[in-house]
Amino acid sequence: MTASPPPIPSGYLAKIAWHWRHNPKADLWIAWFSIPIAYNIMGICYFTLTHMMPPPTATKSQAEVVEFLTSFSDQIRVGFGVMMISLGFLVWANGLIGWLIMRMQVPYAKAWGLAYMVAMCGGSLTGAYMSGFTLSLAAMRPDRDPEYSQLLYDVTYLSFDGTMGFFLFGSLIWTVVILTDKSRIFPKWFGYTCIWNFTTEFLVSTAMITQDGPFAWDGTIAFYIDTVVYIFWQIIYAIVLFYAIRRVDVPMDGFRRARSGNVPQAQPEIGASLAPQAT
Amino acid sequence: MASKSPDSPLEMSEAEAARIERHDENPLDGIWIFIVGDLFIFGSYFVTYALWRHWYSEEFIASQQVLSQGFGIFNTLVLLASSWFVAAAIRAQRAGDYDAAGRLTLLTMGWGLTFVVSKLTEWVIKIREGYTFTSDMFFQFYYFMTGVHILHVLFGMLALLRLYVEVKDPVCRNNDTAESCAAFWHMVDLLWLVIFALMYLMR
Amino acid sequence: MNYLFKDRLALVWIGLTILTYVSWQLSAWRQQEIQVDLAVSMTVIVLAVIKARFVLRIFMEIGHASRWLHILSDVWVVGLPIALLVALTW
Amino acid sequence: MSKSLQDILLGSVPVVGLIWIAAFLVFPGITPMSPQMTAADVASFYSDPDNATNVRYSMIVFNWFEIGMVPLYAAIAVLMQRMSHRSGPLSYVYLAATLSSACLFAAANCFWIVAAYRPDRAPEAMQLLSDLGWICFIVPTGFLIAQNLTVAFAVYLDKQVTPVFPTWVGHFNILAALAFVPAAFAATSLEGPLAWDGALSFDLRIWSFAIYNLVMFLVAWNARHRMLEEGEPA
């Protein structure tokens with residue numbers, strides 16, 4: 001098991017194969033790669049196919065809603081089909097982040113991590129699944145009674161905004177743990193940027209009151225500024241996670257110990273003391 | 001702790017060991033990135049406000065008359081004073097006069113509390129008069145901006161509390177953390193200066 | 001409490017208060033005829049930004065932060081009134 | 001602890017599975033309602049007393065046992081923690097992913113119950129409720145796919161001398177994940193194999209879910225008992 005592995009080959013595919021077989025953090029990297037891939041697929045679907053982003057105006061009359069649903073029917077339904085699949089991979093991102101939180105030097109780190117995971121997974125349930133169901137249902141039968149079409153239309157965009165509680169708590173948990181963490185898995189400044197996300201989630205609430213203007217669900221403040229902040233934050237978060245995985249001192253179980261014999265900076269003797277359960 | 005092991009080559013006093021265990025070298029570093037970013041996010045809100053104000057200027061002007069400038073002036077002076085006090089607290093901390101620093105921080109928190117109370121009173125008066133979030137576009141902006149700002153004030157109060165704890169704790173106190181906390185509070189102040197101009201004074 | 005008077009802090013505070021008073025008077029200047037007045041608006045905004053700049057430089061000591069953030073804060077101070085002017089005349 | 005009590009967690013799984021199958025046979029879902037039915041058809045389906053009764057009672061049973069597969073998933077998550085990346089995130093991811101499928105099943109259940117509760121509602125409303133039920137039932141496979149792929153990766157990365165699950169379980173999970181893909185597109189068509197009563201969206205999804213749970217139950221049972229024999233702490 002401690003046989004030293006071959007050196008990293010140069011070919012692109014060969015490199016991936018090497019990491020798959022020998023990288024001690026292979027499971028973490030698999031989870032990390034779900035972030036750029038799944039978020040990009042989702043973002044592209046949201047912006048080009050499903051018309052969730054940027055959202056159409058809330059002031060549409062029933063006839064206009066029907067017209068909207070009729071003209072984009074196929075796009076919406078195919079887009080949400082793709083979304084439904086890529087959504088599952090967000091769990092990986094949440095699991096990875098939750099797990100990294102558990103590695104922090106914070107009181108009750110494990111509970112914080114679990115809380116984060118549960119909060120964020122719940123968010124995808126209402127925000128992405130419910131809105132996907134209702135809009136694709138509405139687009140499936142545009143000949144439905146316009147009153148019900150409008151109902152589904154409202155449910156879609158309001159439940160899409162209705163995730164704010166989940167993400168609010170998710171980023172609040174993140175803020176608190178990063179700012180109290182002593183191990184510096186994540187840089188402190190990133191903890192503050194989580195406050196941006198937290199605050200913008202808070203501000204979406206105006207979309208539930210107004211139908212028109214900057215605070216409606218398609219408004220400058222409630223949608224555009226929030227989304228720009230969110231996407232900016234999302235990019236920072238992927239980068240920060242990348243470095244966090246590099247930095248994190250994984251507990252040395254059998255798997256990682258067997259593999260880290262090859263990685264130059266690993267220290268097997270420390271690893272051994274950290275893994276009493278490995279046999 | 002390696003320091004507590006008897007064969008450790010380093011002789012460490014009890015206090016030093018405690019310090020290493022508890023002290024986190026400036027847990028608030030990097031706050032500048034947050035502050036500058038926040039300035040720009042608020043800047044985008046301000047520009048949105050200006051656009052809508054330009055498009056619906058009659059309505060905005062009419063509603064603006066309803067706000068009492070007295071409250072605005074009072075709140076501005078309170079926050080300016082709080083900024084002054086917390087800046088003085090930092091000077092005291094740098095000079096090593098921790099008692100004075102603690103007192104000044106407490107006074108700053110008093111100013112902050114005054115601001116919160118006065119802001120809430122103003123809100124209650126306006127709501128009693130029938131001007132709510134849904135009244136018109138101006139009041140949407142008014143409640144939104146002041147609401148976001150008061151959220152920052154509350155976070156700022158937490159920062160001040162951290163500053164106070166910092167000052168009172170002889171083991172962990174350090175100037176960097178204190179400056180970070182104070183910087184957050186100054187940001188709350190300077191955002192209010194612009195909100196005051198946009199909401200109460202603009203014509 | 002003599003720390004309140006160190007480093008010209010009190011002076012800056014008095015200056016800021018005077019600026020607040022001036023901008024208030026400027027706004028209340030023609031209280032009778034309530035109408036849009038771009039000149040007053042911009043003056044008030046510029047005064048507010050000048051105050052903000054004082055807070056940034058003297059109270060907040062943004063000069064202690066890294067150079068980039070320092071420059072960005074100045075960009076904000078100069079850019080905000082310009083952006084607002086553009087928005088108010090769009 | 002007595003030996004029979006040790007197996008209570010996993011032992012509950014086949015019981016719940018049988019109850020699910022029984023409820024499923026009672027529910028007219030064994031021949032799913034066609035999405036092409038008009039609103040009037042849907043309304044008359046639910047106002048038929050026989051159908052309404054069947055739907056009500058099977059939905060009550062489903063409601064009782066809708067979360068009943070979770071012990072199996074929890075057991076698999078614990079077994080995943082015995083794989084060679086012991087404390088890695090994959091087992092947490094697996095457990096989190098199971099949450100969503102169960103919740104959406106509950107949502108579908110709720111919509112059907114509401115539809116059968118007052119069948120004299122306006123036909124358009126009946127159709128809306130029925131649609132919502134079906135779409136919540138068929139479409140949300142993303143989390144199932146994530147769940148399967150998580151196990152697959154964990155199994156592939158398990159490089160112990162005697163791995164917890166044999167390698168074919170990894171292949172099997174990938175296969176199951178592929179089988180769930182077409183159901184995600186069930187909303188795209190009202191007829192054909194992709195519609196929610198079609199061969200790809202309905203039959204393939206239901207059967208692969210049933211077979212998946214059966215196989216994973218057997219595999220988990222074996223793995224656990226092998227561990228108990230080897231004297232690992234249970």
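Just so we're on the same page: letters track the sequence lines, and every chain starts at 1.
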Report yes or no: does C:Trp76 contribute a side-chain atom to a donor-acceptor pair with the main-chain N or O of B:Leu39 at less than 3.5 Å? yes
CH2 (C:Trp24) and CG (B:Leu77) are apart, to the nearest 0.5 Å, by 9.5 Å
Proximity breakdown for C:Leu72 and chain B, heavy-atom pairs closer than 4.5 Å: both
Least distance between heavy atoms, B:Leu201 atom then C:Ser27 atom: O-OG, 3.0 Å
Would you mind checking which part of B:Gln64 comes under 4.5 Å of any heavy atom in chain C, side chain (CB onward), backbone (N, CA, C, O), both or neither? neither
If we define contacts as heavy-atom pairs under 4.5 Å, which of B:Asp97, B:Asp189, B:Leu191 has the most with chain C? B:Asp97
Correct closest heavy-atom pair for C:Leu69 and B:Val36 would be O-CG2, 3.9 Å
Return the CG to CG distance between B:Leu107 and C:Leu4, rounded to the nearest 0.5 Å. 8.5 Å
Spacing of B:Thr76 atom OG1 and C:Leu16 atom CG [to the nearest 0.5 Å]: 11.0 Å
Can you tell me how far apart CD1 (B:Ile35) and CG (C:Leu56) are? Round to the nearest 0.5 Å. 8.5 Å
Minimal heavy-atom distance between C:Leu80 and B:Gly43, with the atoms involved, is CD1-CA, 4.0 Å
To the nearest 0.5 Å, tell me how far B:Ser57 OG sits from C:Asp37 CG. 12.0 Å
Note: vs chain C, highest number of non-hydrogen pairs under 4.5 angstrom among B:Ala50, B:Ala95, B:Ala89 is B:Ala50
Any B:Leu190 side-chain heavy atom under 4.5 Å of C:Phe54 side chain: no
Cut-off 4.5 Å, heavy atoms of chain C, and the answer for B:Ile33 is both
Quick check: closest heavy atoms across C:Met60 and B:Ala183, and the distance to 0.1 Å? CE-O, 3.5 Å
Can you say whether B:Trp55 sits under 4.5 Å from chain C via the side chain, the backbone, both, or neither, judging by heavy atoms? side chain
In Å and rounded to the nearest 0.5 Å, what is the CG to CG distance from B:Leu51 to C:Leu84? 9.0 Å
When heavy-atom pairs shorter than 4.5 Å are enumerated against chain C, which of B:Ile73, B:Thr48, B:Val47 gives the highest number? B:Ile73
Please flag which part of B:Ala182 lies under 4.5 Å from any non-hydrogen atom of chain C: side chain, backbone, both or neither. neither
Does any N or O in the side chain of B:His186 come within less than 3.5 Å of the main-chain N or O of C:Phe59, such that one atom is a donor and the other an acceptor? yes
Non-hydrogen side-chain atoms of B:Met202 and C:Leu88 separated by less than 4.5 Å: yes
For C:Thr89, is it the side chain, the backbone, both, or neither that has a heavy atom closer than 4.5 Å to a heavy atom of chain B? backbone
Counting only heavy atoms not in B:Glu58, do more than 12 fall under 6.0 Å of its CD? no
Just wondering, more than 12 heavy atoms not from B:Tyr131 lying within 6.0 Å of its OH? no
Under 4.5 Å from any heavy atom of chain B, what part of C:Ala10 do you find: side chain, backbone, both or neither? both
Can you classify the ring geometry of B:Trp84 versus C:Phe5 as parallel (below 30°), tilted (30 to 60°) or perpendicular (above 60°)? perpendicular
The interface call for B:Tyr49 against chain C, heavy-atom contacts under 4.5 Å, is neither
With respect to chain C, which residue among B:Met187, B:His54, B:Arg53 yields the maximal number of heavy-atom pairs within a distance under 4.5 Å? B:His54
Looking only at heavy atoms, which two atoms of C:Val75 and B:Phe40 are closest? And how far apart? CG1-CZ, 4.3 Å
What's the shortest heavy-atom distance between B:Ala100 and C:Tyr3, and which atoms? CB-CE1, 3.7 Å
Winner by heavy-atom pair count (cut-off under 4.5 Å) against chain B, out of C:Ser23, C:Ser41, C:Ala39: C:Ser41
In terms of heavy-atom contacts, does CZ of B:Arg94 have more than 12 from other residues, nucleotides or ligands at under 6.0 Å? yes
Greater than 12 external heavy atoms within 6.0 Å of B:Tyr56's OH: no
